[in-house]
Structures are given as structure tokens and as C-alpha cells.
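The next block holds one structure in the form of C-alpha cells; read it before the comments.
In what follows, chains are A, B, ... by sequence order, proteins preceding strands, each numbered from 1. Not measured: the values here are computed from a predicted model.
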Amino acid sequence: MTSQTSTDYEKYYVPEKSSLAVMATIGLVLSVFGAANFINGLTFGEPGEASPTILYAGLFVFAATLFVWFRTTIRENIAGMASGQLKKSYVLGMYWFIFSEVMFFAAFFGVLFYVRNLAGPWLAAEGEGGRMNYLLWEGFQFSWPMMQTPQEAVGGAASQLIANNGAFASAKQSMSFAEAHHWYAWLPLWNTIILLSSSVTVHIAHTGLLDGNKKKFNLWLAATVALGVLFVILQVAEYYEAYAHFGLTLNSGIYGSTFFMLTGFHGFHVFMGMTMLAIQLMRSLRGGHFTAGDHFGFEASSWYWHFVDVVWVFLFLFVYIL
Amino acid sequence: MAHGPAKGISRWLFTTNHKDIGTMYLWFSFAMFILGGAFAMIIRAELFQPGMQLVEPAFFNQMTTLHGLVMVFGAIMPSFVGLANWLIPMMIGAPDMALPRMNNWSFWILPPAFLMLASTLFMEGGAPAFGWTFYAPLSTTYAAPSVTFFIFAIHILGLSSIMGSINIIATVMNMRAPGMSYMKMPLFVWTWLITAFLLVAVMPVLAGAVTMMLMDIHFGTSFFSAAGGGDPVLFQHIFWFFGHPEVYIIILPAFGVVSQIIPAFSRKPLFGYDSMVYATAAIAFLSFIVWAHHMYTVGMPVAGELFFMYATMLIAVPTGVKVFNWVSTMWRGALSFETPMLFCIGFLVLFTIGGFTGLMLSIAPADFQYHDSYFVVAHFHYVMVAGAVFSMSAAVYYWLPKWCGKMYNETMGKTHFWISFVGFNITFFPQHFVGLAGMPRRIPDYALQFADFNMMSSIGAFIYGGSQILFLYNVVATIVAGKPVSDDKVWDGAEGLEWTVATPAPYHTFEVPPTIDPAHAHS
């Protein structure tokens, strides 16, 4: 059962010992330790005491290590060390990484559905779970978006600050379509158009690469990155509008919590995907990387980009429209 | 490629070798097992008699919390990842794991994460004291400031698990030797493939849960605060959506180990290989739709209670398939009772008891009596300790000769088993009774009528704990001065590719894939 054969087997590349993992560990550990210290300083420390220095140092080490790590991998591929089998490992790795991201967003969407369909009505004494309402929030009316928290709506004995994580400040206006003054001034619509088009442009770039047309590839990839930048700018503008004009903040109760966490994590992922695509553009322009048959870095980034696009479609439906 | 390991510390820090990384995972998990065990000894010492003797209640709560966290995330999970690293490439005929540098990273972020977690003991306000399930608002509104470090430690553990799992999935799907079809894989590889899928699916959900805690504590959100429109029970739903698959993440690799060892010492192929694979997949699927059976008493609608009750009971079917298959494998086999086999038989008997108490707990109306009592503690220790830890001990005895080329002391191994078996049962069997009689879990003091059984429990715990020192001694003595073994196939009944390489296993194995005999059934 174990007769060894060496016929037409392309050797699987197992790298020599490498300090990358340890450097990445140092970066990551400094980052999270620094972040925990900094955040604790903000919440529990004296004013002005919190310092993000360790966090920044950690992020710098981490980013530098990732840069070297990816550069090493790319150079190994150019040197012909990566077999077809290894490339398949990368493909599988990216698939399952994206699947893990899907599950991360699923947790936050799960919260949204739970609050809108179960916990919210229960707070307003509807359904089987609503019996506690007579003890806590009698008279509270539930609707979505929840513009007034139970604490503000009812107050009284149930509004002990300590038990409620502090005070809440209700928003004057929500971000949903129903409350937009003019459809053309409603930023999420433009963001939808931008992100959906960017999925098309990145696909056109891919077809250009498959045809061996690098010029077409570079052009359409640059367009994709530009659309990504535009999306992030509009998202920042939307947040500014929420905080400055609508009074919608993280402190606005569960509506603000779900809104900012869902769109915030999505926006962060757009930023990551945009950075990944921008790096692929640099590689193509300056390094002359990618051929019709070998362009995993670009392909993985484009999968990621399509993934954030799909998440946005769900956000648009369940956070903004419905 | 270099042929041997590098010299000195850099071998371990910079390694990309699956055997080195597996070894580090195994030693790290044993260190955590001792640390978590020490916390357990403090708990049992305090509970030796009613009244407050040794520790403050707040510290007692920190001990129960850290004991659970360290054992689940530090001892059991990394120990099976270590086994996976050592064995999966050798079992499927691969030269290494699919992504060797990331493999090293997955390991090295674990020790600092646990250092950070353990350091919370020395912080102002003390370590997390809200139980390993960290229910809100205990873990948000009422938590000590050290909870922030706890949150980030959980983030790192999750990252490590996700990367390790992606590596295992890529290895199993992409690196099997030609001719090794999925249905020819050893069952340990199958159970780990499914476990890795569970990990990739639920670890991000745990990351989401702790992120929401972080936001609630520091940035004013109200996910788990009803006053802001959220719901503390929502935390339990998210946690157990992770937490229930998590218990199968712990036990499925144990099933894999037992399915390798029982056939070897029965000198018969595993009975019902196909049904074992399908049962494992069925358990994994069911694990996603039963989470709220941990929450029967929080006031769910009756329809929810019924759904989760019936779904939970269904798990008994595939689990029963497995137990019957193991027993049928032994039926009319040429049995011999070396230490690994003893631990597997111990597993079989005690895990089945844990499964039955699980079935009792799954009955929603009955659970209102059992909930949060010592009956639950007894139940999950029968599954976690007699299930996962016993199978892990079996695995170490079974594969240690292949790893280091030396044979452990059989008498000492058997002694370890019998002391463990007896100590374990003295510890946890009486807890069924005190639990049914109404003793709640997670309390430092208790009513007088529970005194005798608690004293028994504590004595048993010290016996069980002490037997692990014997285990450590046996393993170290084997590595340092064990009797050399030279047969490739250490056990005459052992099947599988890992027994076809030299003993001790060379630093690099299967650099050229072996050919698998198409007629040969699964190993």
C-alpha cells in the first residue's frame, strides 16, 4: 500500500523555517494589548491618561510583517516554487476565510432580526415573551426604526442608569428610506449604485486579464478602486450627517447600535477590499505582475470585493429599506 | 529543503514543520491542562466542607470562570489541534500541512493570549468572574475592567482557531495522496474535517459576541441592555449559537481518536465506517439548531422550547450509531487491553453515561429542575473529561511510540488509567446526586446536607489530579529513557499510513506521495 512513486509529481513547496509568524505574533499581541489598555484608559482612567502608543506600535509591526509576508509569497511564486497544488491550497484558504467573514456578518444580521421580530415586540408587551413588560416598560410602544429607547419612553423606576449601561440619547431622524427628504439626496442609494457598478468593473478588469489585455485590466481595476474610495467617502459623509444632524449615535439605543455596527463593519471591509485591490493595481502597474493564467492575488481580492458587495445588498435591504 | 530540524530555540520559534508545531500544541495544551487543573483544585478545596474556608467568594468565581475558559480553549481544543497537526499529514500521505507558515502563526498567538487572560488575575478588580459563558449583563455592566483584556484574548483564540481550521480543511481537501478518496480517509481525518468546518462557522460568531460586549461596555451601544431596546437574552442566543457547536468541536476529534484505536486493539476493521462518517456529519448539522437547550429557563416561547427539545433529542440517534459501532467493532474481536484501549473503553462507558444525562437535560420540563445545578456540572464533565480528555490520553499512549520511537511503561500507563478512572468517578458521580437534590453550581458555600458528597467529590478530584502527574512522568520518562521501538507498525493491529513510515517518524514524511492500493478499504 505504500510503494513510493516519483512519476510526474510536482513537489509541494514546504517553506524553510521563517520568522514571519513570530513577527506577526508580536505585532498582533502588541496591537490588542495596546488597544485594551487604551480603551480601558478611555473608560475607566483619568481624562487624558489613555495613550494609544502601544496600539500604534503593534499595528505598525503587524502591517510591516504582513507586507514582508506577502512579498515573500509573491517572490516565491515568481521564482516558480508554487506548484499548482499549492495554488489550490491558497484558493481553498481564501474560500473558507470568506466563509468565516460571512458568519461574522451573520451574527450581526441575526441580532437585527432578533431585535426587530422578537425582542422589540416583547418589550412592548406583544406576544408570549411580552409578559415582563408590565414589570419594566409599561406603556412602551415598539416600532422600527426604534427612535425612542424604552428608558426614555417610560423612565421611572426602570431607568436606573447603572443597570442600563448609562443614559441613551434618542435620534431625531433615522437613516431609512422612508425618512429621506428626496430620493436623489439619499446617500445609501448612491452607495448602492457605486458598489454594484464596482463589482461590474472588477469583472471587466478580470476579463481583460484573461484576454491578455493588461491595459484594459489596469484601467478597469483603477476604476474599481476609485469607486471604492468614493463609497468610503460617502459613508463617512453619511456618518457625519447622522451624528451632526440626525442625532443618531452609538448612544441612540438598539437602532443606532445595529446601524453603526453593521454599516461600520461593512465599511471597514470595503476599506480592506479597496486596499487589497489597490495593491493588486500597484503590482500590475509597477511590478508587471499577473498573466492570463496566474493572477491569484487579484482573483482573491476580487472575490473579497464581490463578497462585500453582496453584504451591502443585504444591508441596503434590511437596514435601509425594509 | 533541510533534512533535519534546526538547532536551538529557533527550531521552535521559526518552524514550519507540522510535527514540531504539533508537538508545541501538545505541550502547550498540557501546560494549560495543569493550570486549569490547579484552578479546579482550588475550587474543590474550598468545597471540601461547607462554609467559607480558603478563598473569598469573588475569587472563587474567578476560579470557576478561568477553569472553564482555560480547559476549553487552552487545554482540550489545542490538544486536538496538536494531534491534527501531527497525524493528518501522515494519515493522508501529505508532505506537511497545506499552509505551513500560517500553521506556525496559529500556534504562536496562543501562548500570549493565555498570558493576557491569566494576567487579569493580577489586575485591579480581579479576573473575569462571570463564568466561562460570560452572560451579559454580568460580563458587561457588572464586569471588572479586566474584561477588556478577556475580550481581546478571546479574539486572538478565535483567530488562531479559524486559521488552524482553514489549514486543516485545505490540507484534507487538497493534499490527500493519489487514490485516497474521501471515503478511504481514516476516521480521525474525517472527524477533524467536520470539526474544522464547525470552527470556521462559529468562531466568527463568538468574535461578534465579544465585539458587541466591547461596544456595550465602552462605546454606549445597547445590544444587551433592554433599557436601550436590546436584550440580555440575546447574548445567550449568540453565545450558544457558538457554544453548542463548540462542544461538538471538542468531542468530534475524540470520536475520531476512539475510532482509530478500538479497531487496532480489537484486530478488526471499524464496524460501519460509512455510517460513522454520516453520523459525524449529522451531529455537526444538528449542532447548529439546538443551541437554546442551554436556555430553557430564560422565558422562551413554548414553540421555541419544543423545537429545541426535539432537535436536541435527535442528536441521540447519530451518537447512538457511533456507540453501537464501537461496541460492534469490539464484538468477537481479538481484544487486548493495552493502556490506549483501556482509556477508549473508559471513554465508551463514561461518555455514554454523559450522553444519557444529556438526554435527561434535553427534556425541557425536566430541565427546569436540573438547570444550573451540579447535575449539569456532572453531565458535562462526563463528556469533557471522560470523553475528550480520556480519548486524548489514549491518543498520546497510542501514537507516542511512533512520535519518539520509544515505548512507554505499560504498567505505569495502566496505573494511570485505573487511578484516573476511579478518581474521575469519585469526583463526578456524586455530583449527579447533589445536583438532583438541588445544589446549584458556581457557589463557594452550600447547605449542610450536601457535605458528604462534596467531600467525596473533592477527594476524587485530588486523586484524578494527582494521576495526571503520573501521566506527565510517564511521558517524559518515555521520551528521555524509554525502551526503543523499531517496528514501523508499533501495534500489531494498527492500520493506516502513519504506521508505514519509519519509527520514530522522520522529520519529513511523504515528500513524495505514497500510492494507495485501490482495493484497500479505509484504514
Note to self: If you take the centroid of each ring, where Trp contributes its six-membered ring, are A:Phe142 and A:Trp122 closer together than 6.0 Å?
What the structure shows: no
Margin query: Please tell me whether B:Thr16 and A:Lys17 have a donor and an acceptor in their side chains that are separated by less than 3.5 angstrom.
Written below: no
Notebook entry, point to check: Is the distance between the ring centroids of A:Phe67 and A:Phe70 less than 6.0 Å?
Noted result: no
Notebook entry, point to check: If you draw a 6.0 Å radius around CZ in A:Phe113, do more than 12 non-hydrogen atoms from other residues or ligands fall strictly inside?
Noted result: yes
Next item on the list: Under 4.5 Å, counting heavy-atom pairs only, tell me which of B:Asn174, B:Thr148, B:Asp20, B:Asp231 racks up the most with chain A.
Entry: B:Asn174
Item checked: Straight-line distance of A:Ser31 OG to A:Phe62 CZ, nearest 0.5 Å -> 7.0 Å
Check: Which atoms of A:Thr65 come close to chain B, meaning under 4.5 Å heavy atom to heavy atom: side chain ones, backbone ones, both, or neither?
Finding: neither
Checklist line | Side chain / backbone / both / neither for A:Val32 at chain B, heavy atoms under 4.5 Å | finding: both
Check: Any idea which of A:Pro150, A:Ala107, A:Gly110, A:Gly253 has the most non-hydrogen atom pairs under 4.5 angstrom with chain B?
Finding: A:Pro150
Next item on the list: Answer yes or no: does atom CE of A:Met272 have more than 12 heavy-atom neighbours from other residues, nucleotides or ligands under 6.0 Å?
Entry: no
Notebook entry, point to check: Contact part of A:Leu20 toward chain B, heavy-atom cut-off under 4.5 Å: side chain, backbone, both or neither?
Noted result: side chain
Next item on the list: Under 4.5 Å heavy-atom distance to chain B, tell me which part of A:Ala106 shows up: side chain, backbone, both or neither.
Entry: neither
Notebook entry, point to check: Among B:Val302, B:Asn17, B:Asn167, which residue forms the greatest number of heavy-atom pairs with chain A at distances under 4.5 Å?
Noted result: B:Val302
Note to self: Please classify the contact of A:Leu123 with chain B as side chain, backbone, both or neither, using a heavy-atom distance under 4.5 Å.
What the structure shows: side chain
Notebook entry, point to check: If you draw a 6.0 Å radius around CD in A:Gln141, do more than 12 non-hydrogen atoms from other residues or ligands fall strictly inside?
Noted result: no
Check: If every non-hydrogen atom of B:Met116 is compared with every non-hydrogen atom of B:Phe149, which pair is closest and at what distance?
Finding: CE-O, 3.5 Å
Notebook entry, point to check: What part of A:Ala35 gets closer than 4.5 Å to chain B, counting heavy atoms only: side chain, backbone, both or neither?
Noted result: both
Notebook entry, point to check: Any side-chain heavy atom of B:Pro514 within less than 4.5 Å of one from B:Leu497?
Noted result: yes
Check: Looking at B:Ala170, B:Ala113, B:Ala98, which makes the most heavy-atom pairs under 4.5 Å with chain A?
Finding: B:Ala98
Check: Picking from A:Val91, A:Ile39, A:Thr249, A:Val115, which has the most non-hydrogen pairs under 4.5 angstrom with chain B?
Finding: A:Ile39
Check: Measuring heavy-atom distances to chain A, does B:Pro145 have an atom under 4.5 Å in its side chain, in its backbone, in both, or in neither?
Finding: both
Note to self: Using heavy-atom distances under 4.5 Å, tell me whether B:Leu159 contacts chain A through its side chain, its backbone, both, or neither.
What the structure shows: side chain
Checklist line | Heavy-atom pairs under 4.5 Å with chain A, option from B:Asn103, B:Leu13, B:Ile238, B:Leu234 with the top count | finding: B:Leu234
Notebook entry, point to check: For chain B, which of A:Leu42, A:Val22, A:Thr258, A:Val102 has the most heavy-atom pairs under 4.5 Å?
Noted result: A:Val22
Note to self: As a test of understanding, state which of B:Trp240, B:Phe239, B:Phe242, B:Phe241 forms a ring-ring contact (aromatic ring centres under 6.0 Å, His included) with B:Trp291.
What the structure shows: B:Phe241
Notebook entry, point to check: Any idea which of B:Met175, B:Met97, B:Met215 has the most non-hydrogen atom pairs under 4.5 angstrom with chain A?
Noted result: B:Met175
Notebook entry, point to check: Can you say whether B:Ala201 sits under 4.5 Å from chain A via the side chain, the backbone, both, or neither, judging by heavy atoms?
Noted result: both
Next item on the list: Measure B:Ile109 against the heavy atoms of chain A and call it side chain, backbone, both or neither at under 4.5 Å.
Entry: both
Notebook entry, point to check: Quick one: are the ring centres of B:Phe114 and B:Phe28 less than 6.0 Å apart?
Noted result: yes
Item checked: B:Lys19 and B:Glu498 ion-paired at < 4.0 Å -> no
Note to self: Ring centroids only, cut at 6.0 angstrom: are A:Phe260 and A:Tyr243 within range, meaning strictly under it?
What the structure shows: yes
Item checked: Winner by heavy-atom pair count (cut-off under 4.5 Å) against chain A, out of B:His237, B:Met300, B:His155 -> B:His237
Note to self: Between A:Phe265 and chain B, with a heavy-atom cut-off of 4.5 Å, which part of the residue counts as in contact: side chain, backbone, both or neither?
What the structure shows: side chain
Checklist line | Side chain, backbone, both or neither of A:Phe140 within contact of chain B (heavy atoms, under 4.5 Å) | finding: neither
Note to self: Below 4.5 Å, heavy-atom pairs only: which of A:Asn40, A:Thr149, A:Val29 has the largest tally toward chain B?
What the structure shows: A:Asn40
